[in-house]
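Here is the naming used below: chain letters follow the sequence lines, and residue numbers restart at 1 for every chain. These figures come from a predicted structure and were not determined experimentally. We use all heavy atoms of the structure for the numbers below, so side chains are in, but hydrogens, waters and symmetry mates are not.
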Amino acid sequence: MPELPEVETTRRGIEPLLIRQKLTEVIVRDHRLRWPVKLPDELVGQTLGSVTRRGKYLLFHFDSGTLILHLGMSGSLRCLPKQSPLRKHDHVELLFEGGTSMRFNDPRRFGCVLWQSGDAADHPLLTKLGVEPLEANFTASYLKNCAGKRQVAVKSFLMNAQVVVGVGNIYANESLFLARIRPTIAAGAVSLVGYQRLVDAVVMVLKDAIKAGGTTLQDFAQVDGNPGYFANELHVYGRAGEACSVCGAALVEIRLQARTTVFCRKCQPSRGIGRTFA
DNA sequence: ACTGGCTCCTGAGGGC
DNA sequence: TGCCCTCAGGAGCCAG
């Protein structure tokens, strides 16, 4: 499931392959993504200036506007020679003058491909997004201030893209474990010290996951088709019933806002400070 | 202003 | 072997 590390891994894989190349053809095989894919004719012939990321959105900057792409739940992008055989669910294909084909594959079609002429920052999907977790303004005091007296579970708060972008279910579980915070605690009840641990944990987890090329559980692949390797480093996600790597207690799984949530009762207590890691 | 629930979709996995 | 059921989840959207 693509979260920030998977999107960033994809961005780093794609940009060097396609930058400064002219787009020669756009093929939409299935326009039924999250929103119907409608790409303007004017796109063909434009040159790709850069590929940036905002939250989990990839932004392909062309001469007159920006292609906004979200991988959704099951999406991936691959760059291949244009004659390579198509796979099932290769919904959108961009062909570049160098002979490279960039293909958007998305079995569940939760992703999107949109065109925004002019400045992409004006797009309604991007204007309400919160801070980037790997930038300097992601701080404990920012989170504490955002949380105020909110009663929502801190895990849901952390996954709210209007607060901080890019942290999905897997990395929220991992970060809360490392920060020794019970996922169910109200966001407003977490102390500034707790939020400092959470900020540190989120940054560490995301950076480590990017280094590993992301997490591949089912669908995600890097641009070259290889999986990401962070799944090997997960402490809690997908490990319910297994022994906690710190204290040995059995990890517990619950549903929190319809999301699988795994934690350690001992290391992530519902009050006070958790066990200190060795 | 918050909060929780619904929705889109396909493939995997379990039960029988 | 095959069928049916449930579940997974990002995030926009809406109702209370």
Side-chain angles (χ1 to χ4, degrees), chain A residues 1-10 29-37 53-59 68-77 86-92 104-114 116 123-133 143-176 183-190 202 206 209 214-221 227-228 230-231 234 236-241 253-262:
Chain A
M1 293 130 232
E3 301 182 30
L4 188 147
E6 290 72 40
V7 179
E8 181 61 22
T9 296
T10 299
R29 295 201 166 75
D30 194 337
H31 68 276
R32 297 171 304 160
L33 298 184
R34 171 147 205 179
W35 294 287
V37 181
R53 179 187 58 74
R54 177 73 176 102
K56 297 177 193 168
Y57 291 93
L58 282 170
L59 307 175
I68 301 172
L69 190 150
H70 196 294
L71 297 174
M73 275 274 312
S74 57
S76 59
L77 283 175
L86 284 174
R87 294 186 306 166
K88 197 176 179 184
H89 308 301
D90 276 343
H91 303 313
V92 179
F104 178 59
N105 184 283
D106 187 7
R108 292 179 212 179
R109 295 197 266 118
F110 280 15
C112 67
V113 180
L114 301 166
Q116 166 82 1
H123 196 281
L125 287 173
L126 305 179
T127 52
K128 291 177 187 166
L129 293 178
V131 303
E132 286 285 337
L143 284 182
K144 184 65 184 158
N145 192 42
C146 264
K149 294 185 170 150
R150 291 171 69 167
Q151 291 301 298
V152 71
V154 63
K155 175 165 176 264
S156 306
F157 176 70
L158 183 61
M159 291 173 65
N160 183 346
Q162 295 185 21
V163 175
V164 55
V165 295
V167 185
N169 195 39
I170 297 173
Y171 299 116
N173 276 301
E174 294 301 309
S175 301
L176 287 161
T184 50
I185 291 175
V190 175
V202 166
L206 294 180
T215 302
T216 295
L217 294 178
Q218 289 174 17
D219 301 295
F220 178 71
F230 196 68
L234 298 175
V236 289
Y237 187 86
R239 297 192 183 280
E253 178 171 316
I254 61 168
R255 303 282 297 173
L256 186 58
Q257 311 234 164
R259 294 290 177 267
T260 304
T261 303
V262 188

Can you check whether A:V131 reaches A:V165 side chain to side chain, under 4.5 Å on heavy atoms? no
Kindly give the heavy-atom pair with the smallest separation between A:G75 and A:D106, and that separation in Å. N-OD1, 3.4 Å
N/O (side chain, A:R255) to phosphate O (OP1/OP2, C:dC7) under 4.0 Å: no
Nearest-angstrom distance from the residue atom CG of A:L256 to P of C:dC7: 17 Å
Side-chain N or O of A:T260 less than 4.0 angstrom from OP1 or OP2 on C:dG9? yes
Do A:F104 and A:L69 have side-chain heavy atoms sitting under 4.5 Å apart? yes
So if I define the base as every atom that isn't primed, P, OP1 or OP2, how would nucleotides 11-16 of chain C read as a B/S/- string at a heavy-atom cutoff under 4.0 Å? BB----
Partners of A:R54 by salt bridge (charged side-chain N to carboxylate O under 4.0 Å, His left out), sequence neighbours excluded? A:E132
Would you indicate what A:K88 reaches in the nucleic acid, counting non-hydrogen atoms under 4.0 angstrom: base, sugar-phosphate, or nothing? sugar-phosphate
Rounded to whole angstrom units, what separation is found between the CD atom of A:Q151 and the P atom of B:dA1? 18 Å
Would one find a side-chain N or O of A:H89 under 4.0 angstrom from OP1 or OP2 of B:dG11? yes
Which residues share a ring pair (Phe, Tyr, Trp, His ring centres under 6.0 Å) with A:H91, sequence neighbours left out: A:H89
Distance check needed: B:dT10 P versus A:R32 CZ, whole Å only. 7 Å
Classify A:S156 by what it touches in the nucleic acid, base, sugar-phosphate, or nothing, heavy-atom distance under 4.0 Å. nothing
Euclidean distance, atom CE of residue A:M73 to atom C1' of B:dC8 [Å, nearest integer]: 11 Å
Residues forming a side chain to side chain contact (heavy atoms under 4.5 Å, CB included) with A:K155, sequence neighbours excluded: A:M159, A:N169, A:A172, A:N173, A:L176, A:P183, A:L256, A:R259, A:T261
Taking atom P of C:dG9 as reference, at what distance in whole Å does atom CD1 of A:I170 sit? 8 Å
Specify the separation, in whole Å, of atom CG of A:N169 and atom P of C:dC7. 16 Å
When the distance from NZ of A:K128 to C1' of C:dG10 is rounded to whole Å, what number comes out? 16 Å
Sorted by chain and number, sequence neighbours left out, salt bridge (charged side-chain N to carboxylate O under 4.0 Å, His left out) with A:R32 holds for A:D30
By ring pair (Phe, Tyr, Trp, His ring centres under 6.0 Å) - contacts of A:Y57 (at least two apart): A:H70
What is the distance, rounded to the nearest whole Å, between atom CZ of A:R109 and atom P of B:dT7? 18 Å
Bend of the helix from B:dC2-C:dG16 to B:dC16-C:dG2 from end-axis comparison, five pairs per end, nearest 10°, comes to 50°
Does the side chain of A:R108 get closer than 4.0 angstrom to OP1 or OP2 of C:dG9 through an N or O atom? no
With A:S156 via side chain to side chain donor-acceptor pair (under 3.5 Å) - residues at least two apart: none
Once side chain to side chain contact (heavy atoms under 4.5 Å, CB included) is applied, do any residues pair with A:R87, and if so which ones, sequence neighbours excluded? A:S76, A:R78, A:D90, A:N105
Check whether any side-chain nitrogen or oxygen of A:Y171 sits under 4.0 Å from OP1 or OP2 of C:dG9, and answer yes or no. no
